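Note on naming: letters A, B, ... go to the chains in the order of the sequence lines (proteins, then strands), and numbering restarts at 1 for each one. The shown structure was predicted, so the numbers you read here are calculated from the model rather than taken from an experiment.
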Protein chains: 2
Amino acid sequence: MRLTTKGRYAVTAMLDLAYHSQQDPVTLTDIATRQTISLSYLEQLFARLRRAGMVTGVRGPGGGYRLSRAASEINIAEIIEAVDEPLDTTKCAGEGNCQNNKACLTHDLWMGLSDQIRGYLKGISLGDLLTRHHVQEVAKRQEQDTKVVEIHRQQRVGA
Amino acid sequence: MRLTTKGRYAVTAMLDLAYHSQQDPVTLTDIATRQTISLSYLEQLFARLRRAGMVTGVRGPGGGYRLSRAASEINIAEIIEAVDEPLDTTKCAGEGNCQNNKACLTHDLWMGLSDQIRGYLKGISLGDLLTRHHVQEVAKRQEQDTKVVEIHRQQRVGA
DNA sequence: TTCAAAGTTGACTAATTTGCTTGGTTAAGT
DNA sequence: ACTTAACCAAGCAAATTAGTCAACTTTGAA
């Protein structure tokens with residue numbers, strides 16, 4: 001049972017976006033530095049999120065990404081599935097042909113588990129996460145940390 | 001979110017064992033043919049299950065494996081964790097050092113998910129599964145299918 | 001006592017997936 | 001024009017998975 005960084009990055013980036021894009025769009029470069037995710041990898045993930053209709057890209061200077069819907073209307077399950085990480089623990093993707101075209105001994109067990117996981121993550125929206133204390137604290141800490149990074153960058157340029 | 005065949009095979013094999021080892025021990029060869037799992041791969045999994053104290057090996061002719069405890073005393077979560085498939089969806093294995101030694105933005109979310117999964121699977125025992133209609137049907141079908149295989153084998157030897 | 005059935009162990013491997021990198025093109029604001 | 005940022009495509013190295021192969025040990029039965 002493993003969630004790869006793909007799904008984790010996608011949710012983290014979306015949460016960062018929800019937190020920072022109240023008015024202006026947010027650039028992937030900003031998200032990448034705050035969340036320490038590779039920029040080009042983020043681009044790939046956002047291509048999928050855009051195709052899934054969850055974010056809107058704004059090109060040109062001052063551009064970036066915005067949520068296409070309200071944060072409370074985007075749940076975690078759909079983010080993870082949008083980047084192609086299936087929330088499914090069966091071998092047969094729920095088809096029931098796990099063993100010689102018939103259901104395997106434990107098919108129903110994994111179906112139940114998958115429903116459990118999907119149900120749990122469907123019940124949580126980006127909006128829900130935003131209201132959590134822990135998320136707010138971490139987000140503030142990250143803003144401080146990245147400000148420091150920017151000062152360092154400017155000092156290097158100035159020197 | 002993906003459960004690998006490692007964990008799935010382990011649970012399937014344990015369920016097969018629970019179903020067939022009412023008196024005599026069951027050989028891995030039998031389990032391998034019934035569940036279409038590679039024998040040598042099964043051996044690796046059972047080595048771990050044995051070290052975890054869940055099964056007992058009986059050597060020599062007529063040997064095989066037996067459950068060390070009652071089927072109702074073995075839950076699915078411990079089987080999966082015994083074969084080294086962690087039921088944990090955080091990056092940091094729950095340590096909270098996911099980003100530069102501090103908790104990442106979504107740490108709590110994955111902790112909650114992991115608890116959810118573990119709780120669900122802890123609440124289901126091999127004994128519970130045995131009583132399910134679907135499991136009984138599939139197990140009977142598999143016994144028929146493997147009998148057919150054996151007849152074919154004998155016919156080939158006879159010819 | 002010897003054979004063979006079964007468990008036990010360890011090393012090695014092919015295929016797949018992941019998490020990137022590189023190197024672009026296109027659109028929009030200044 | 002120039003810059004900024006989204007958008008796109010191909011390729012690649014490390015890790016993981018799902019095994020195979022080959023040897024060895026223990027034990028019951030003939």
Test applied, side-chain contact (heavy atoms from CB on, under 4.5 Å); reference residue, A:Ile74; option that passes from A:Leu67, A:Leu49, A:Val55: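 In the set A:Leu67, A:Leu49, A:Val55, the residue that makes a side-chain contact (heavy atoms from CB on, under 4.5 Å) with A:Ile74 is A:Leu67.
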Aromatic plane relationship, A:Tyr41 with A:Tyr9 - under 30° parallel, 30 to 60° tilted, over 60° perpendicular: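 Ring orientation of A:Tyr9 relative to A:Tyr41: perpendicular.
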Any side-chain donor near an acceptor of the partner, B:Thr36 and A:Gln99, under 3.5 Å: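 Per modelled atom types, B:Thr36 and A:Gln99 side chains form a pair under 3.5 Å.
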Side-chain H-bond candidate by donor/acceptor type, A:Ser114 with A:Thr89, under 3.5 Å: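 Judged by distance alone, the side chains do pair up.
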5' priority, DNA chain C, between A:Gly62 and A:Gly7 [closest heavy atom]: A:Gly7
Qualifying salt bridge (charged side-chain N to carboxylate O under 4.0 Å, His left out) pairs, either residue in residues 61-82 of chain A, two or more places apart: A:Arg69-A:Glu78, A:Glu81-A:Arg118
How long is the line joining [atom1] of [X] and [atom2] of [N], in whole Å?
X: B:Leu3; N: D:dT17; atom1: CG; atom2: C1'; value: 13 Å
X: A:Leu17; N: D:dA6; atom1: CG; atom2: C1'; value: 14 Å
X: B:Gln35; N: D:dG19; atom1: CD; atom2: P; value: 14 Å
X: A:Asp24; N: D:dT4; atom1: CG; atom2: C1'; value: 15 Å
X: B:Arg51; N: C:dT8; atom1: CZ; atom2: C1'; value: 9 Å
X: A:Leu49; N: D:dA6; atom1: CG; atom2: C1'; value: 14 Å
X: B:Lys6; N: D:dT16; atom1: NZ; atom2: P; value: 10 Å
X: A:Arg8; N: C:dT17; atom1: CZ; atom2: C1'; value: 15 Å

Same apolar cluster: B:Met111 and A:Leu15, side chain cutoff 4.5 Å: no
Per-nucleotide protein contact string for nucleotides 20-30 of chain D (B base, S sugar-phosphate only, - none; heavy atom under 4.0 Å): BB---BBBB--
Under-4.0 Å side-chain N/O to phosphate OP1/OP2 contact, B:Thr4 with D:dA18: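 For D:dA18, OP1/OP2 do have a side-chain N/O of B:Thr4 under 4.0 Å.
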Nearest listed nucleotide, side chain of A:Arg50, among D:dC7, C:dT9, C:dG19: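 Closest nucleotide to the A:Arg50 side chain: D:dC7.
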Candidates D:dA5, D:dG19, C:dG19 - which lies nearest the side chain of A:Thr27: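 Within the option list, the nearest is D:dA5.
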Student check: side-chain heavy atoms of B:Leu130 and B:Tyr19 closer than 4.5 Å: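 In short, these two side chains touch, coming nearer than 4.5 Å.
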Sugar-phosphate only, base, or nothing, as touched by A:Tyr9 at under 4.0 Å among non-hydrogen atoms: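 The residue A:Tyr9 makes sugar-phosphate contact but no base contact.
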